[in-house]
2 protein chains.
Amino acid sequence: MQFSFRLPVATHILLCIERFKDEYKTTSTFLASSVNVNPVIIRKTLGQLKAAGLVEVAAGVGGAKLTKSPADITLWDVFQAVEEDEELFHFQENPNPKCPVGRNIHVVLGDRLEEVRQHMLADFQKVTLADLLASIAAKEAAE
Amino acid sequence: MQFSFRLPVATHILLCIERFKDEYKTTSTFLASSVNVNPVIIRKTLGQLKAAGLVEVAAGVGGAKLTKSPADITLWDVFQAVEEDEELFHFQENPNPKCPVGRNIHVVLGDRLEEVRQHMLADFQKVTLADLLASIAAKEAAE
DNA sequence: ATTGTTGTAACATATTATATTACATCAATT
DNA sequence: AATTGATGTAATATAATATGTTACAACAAT
């Protein structure tokens with residue numbers, strides 16, 4: 001089981017938009033060359049980020065920019081933007097209701113797994129784009 | 001993105017094995033009727049649980065039982081048994097090495113995501129089969 | 001008008017999860 | 001030794017999802 005790479009790709013996009021905002025027009029083609037995926041993937045992802053209110057995209061002329069400070073955008077925001085808001089875990093739909101395990105496992109195990117999911121989201125909320133940009137700047141400085 | 005239902009199914013199997021150990025022979029057909037999946041799915045999952053040392057299966061005659069106390073089996077054990085031991089998140093393989101974001105994002109973001117994964121596993125370790133059996137028994141008693 | 005861009009539809013491909021059938025093998029029992 | 005009910009596993013089918021790609025209409029600046 002793996003998460004799709006939508007979260008990493010979306011994060012990469014946002015970081016590039018901010019990192020290069022004064023040097024380049026951050027078009028889907030430009031971003032695609034850094035991430036190394038098809039520009040259409042970038043446009044679709046930008047569409048999700050736009051719908052989530054994280055970026056604005058200049059129609060026609062092109063280029064994207066953040067709508068708020070990198071310190072105010074967390075991985076949680078990005079995750080919510082690009083992943084379906086569905087159950088992280090899922091259960092066999094129709095366990096046997098005549099079995100005491102079958103008719104109770106969904107709620108009993110579900111409660112525990114929901115806690116796991118909440119912790120994961122809390123971890124995501126702790127990381128901002130500004131944190132990541134700082135780490136990247138540190139790497140750059142060390143090169 | 002969703003986890004497959006292997007973790008819930010495997011947990012369901014283990015709970016049934018323990019809950020019904022004194023009443024029924026817990027064959028793949030019996031377990032399949034509680035979980036409501038094909039018996040072959042049960043056998044494959046039992047194979048994974050057996051490989052992980054959590055159960056032993058009686059060849060020929062049939063039936064499975066736990067190899068240790070339910071208090072000593074955690075969701076982490078079950079998760080490790082049935083999910084590939086791979087990266088939880090995955091990255092675009094070949095980001096542009098000429099871009100400072102592209103060449104550093106894997107390690108910078110990867111570090112953060114690895115922490116998220118470690119927290120998830122730690123959460124799994126906190127839940128034992130005995131906990132779940134107790135919750136189910138409480139539900140049964142309240143019915 | 002031309003240009004470069006976005007937004008989106010349509011389609012292709014690969015991977016994974018799950019379901020199902022079939023059958024060889026096994027161990028206990030008769 | 002034959003029967004029985006079970007496991008282990010291969011082969012295959014189906015569906016869902018992720019990703020890649022082409023194509024093109026709409027758009028905004030020049």
Side-chain angles (χ1 to χ4, degrees), chain A residues 1-10 12-13 16-17 20 24-33 35-52 55-65 79 81-95, chain B residues 1-10 12-13 16-17 20 24-33 35-52 55-65 79 81-95:
Chain A
M1 208 301 306
Q2 282 197 318
F3 282 89
S4 74
F5 60 49
R6 283 200 292 271
L7 175 66
V9 164
H12 191 151
I13 289 171
C16 276
I17 290 172
F20 294 113
Y24 299 96
K25 185 168 72 164
T26 50
T27 65
S28 61
T29 306
F30 173 81
L31 295 168
S33 80
V35 182
N36 198 24
V37 295
N38 193 286
V40 177
I41 305 291
I42 300 290
R43 287 185 217 139
K44 282 180 183 169
T45 306
L46 275 176
Q48 294 178 300
L49 295 172
K50 190 170 65 169
V55 301
E56 50 194 16
V57 181
V61 60
K65 59 179 187 175
F79 184 81
V82 299
E83 292 285 348
E84 301 296 322
D85 189 19
E86 62 193 352
E87 298 282 334
L88 179 56
F89 298 92
H90 81 291
F91 290 79
Q92 162 58 1
E93 288 300 315
N94 307 300
Chain B
M1 208 301 305
Q2 281 198 318
F3 281 89
S4 74
F5 60 51
R6 282 201 293 272
L7 174 66
V9 164
H12 191 152
I13 289 172
C16 276
I17 289 172
F20 294 113
Y24 299 97
K25 186 168 70 163
T26 50
T27 65
S28 61
T29 307
F30 172 81
L31 295 167
S33 80
V35 181
N36 198 24
V37 295
N38 194 287
V40 177
I41 305 292
I42 302 289
R43 288 186 218 139
K44 281 181 183 167
T45 306
L46 275 177
Q48 294 178 300
L49 295 172
K50 190 170 65 170
V55 301
E56 49 195 17
V57 181
V61 60
K65 59 180 186 175
F79 185 83
V82 299
E83 293 285 348
E84 300 298 322
D85 189 18
E86 61 192 353
E87 299 280 334
L88 179 56
F89 298 93
H90 80 293
F91 289 80
Q92 163 58 0
E93 289 299 315
N94 307 300

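Order of the sequence lines fixes the chain letters, A, B, ..., with proteins taken first and strands second; residue numbering starts at 1 for each chain.
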How are the rings of A/Phe30 and A/Phe20 set relative to one another: parallel (under 30°), tilted (30 to 60°) or perpendicular (over 60°)?
-> perpendicular
Between P of C/dA27 and CD of B/Glu56, the distance in whole Å | 14 Å
On DNA chain D, check which nucleotide each of A/Val37 and A/Arg43 is closest to and give me the residue with the more 5' one.
-> A/Val37
Distance-only, no hydrogens or angles: does the B/Lys25 side chain make a donor-acceptor pair with backbone N or O of B/Val61 under 3.5 Å?
-> yes
Given atom CZ of A/Phe30 and atom C1' of C/dG4, what is their separation to the nearest angstrom?
-> 16 Å
If you pin B/Lys44 and B/Thr26 to their nearest nucleotides in DNA chain D, which one's is more 5'?
-> B/Thr26
Here the distance between atom P of D/dT9 and atom CG of B/Asn38, to the nearest Å, is 16 Å
Round to the nearest Å and state the distance from A/Ile17 atom CD1 to C/dT6 atom P.
-> 10 Å
List in chain and number order the residues that pass side chain to side chain donor-acceptor pair (under 3.5 Å) with B/Thr45, two or more places apart in sequence or in another chain; answer none if no residue qualifies.
-> none
Side chain to side chain donor-acceptor pair (under 3.5 Å) partners for B/Thr26, two or more places apart = none
Grab the CD-C1' distance between B/Glu93 and D/dA18 for me, whole Å please.
-> 14 Å
Measure the distance from CD on A/Gln92 to P on C/dT18 and round it to the nearest whole Å.
-> 9 Å
Do B/Ile17 and B/Leu46 have side-chain heavy atoms sitting under 4.5 Å apart?
-> yes
Backbone N or O of B/Leu7 within a donor-acceptor pair of the B/Glu83 side chain at under 3.5 Å?
-> no
Out of C/dT6, D/dG8, D/dT19, whichever nucleotide has its closest atom nearest the side chain of B/Val57 = D/dG8
Using a 4.0 Å heavy-atom cut-off across all strands, classify B/Val40 as base, sugar-phosphate, or nothing.
-> base
Contact list (N/O, under 3.5 angstrom) for nucleotides 4-6 of chain D vs protein:
| unit_1 | atom_1 | unit_2 | atom_2 | d |
| --- | --- | --- | --- | --- |
| D/dG5 | N2 | B/Gly60 | O | 2.8 |

Return the minimal non-hydrogen interatomic distance between A/Cys16 and A/Leu31, and the atom names on each side.
-> CB-CD2, 3.5 Å
A/Lys50 NZ to C/dG7 P, straight-line distance once rounded to whole Å = 4 Å
To the nearest Å, give me how far apart NE2 (A/His90) and P (C/dA17) are.
-> 10 Å
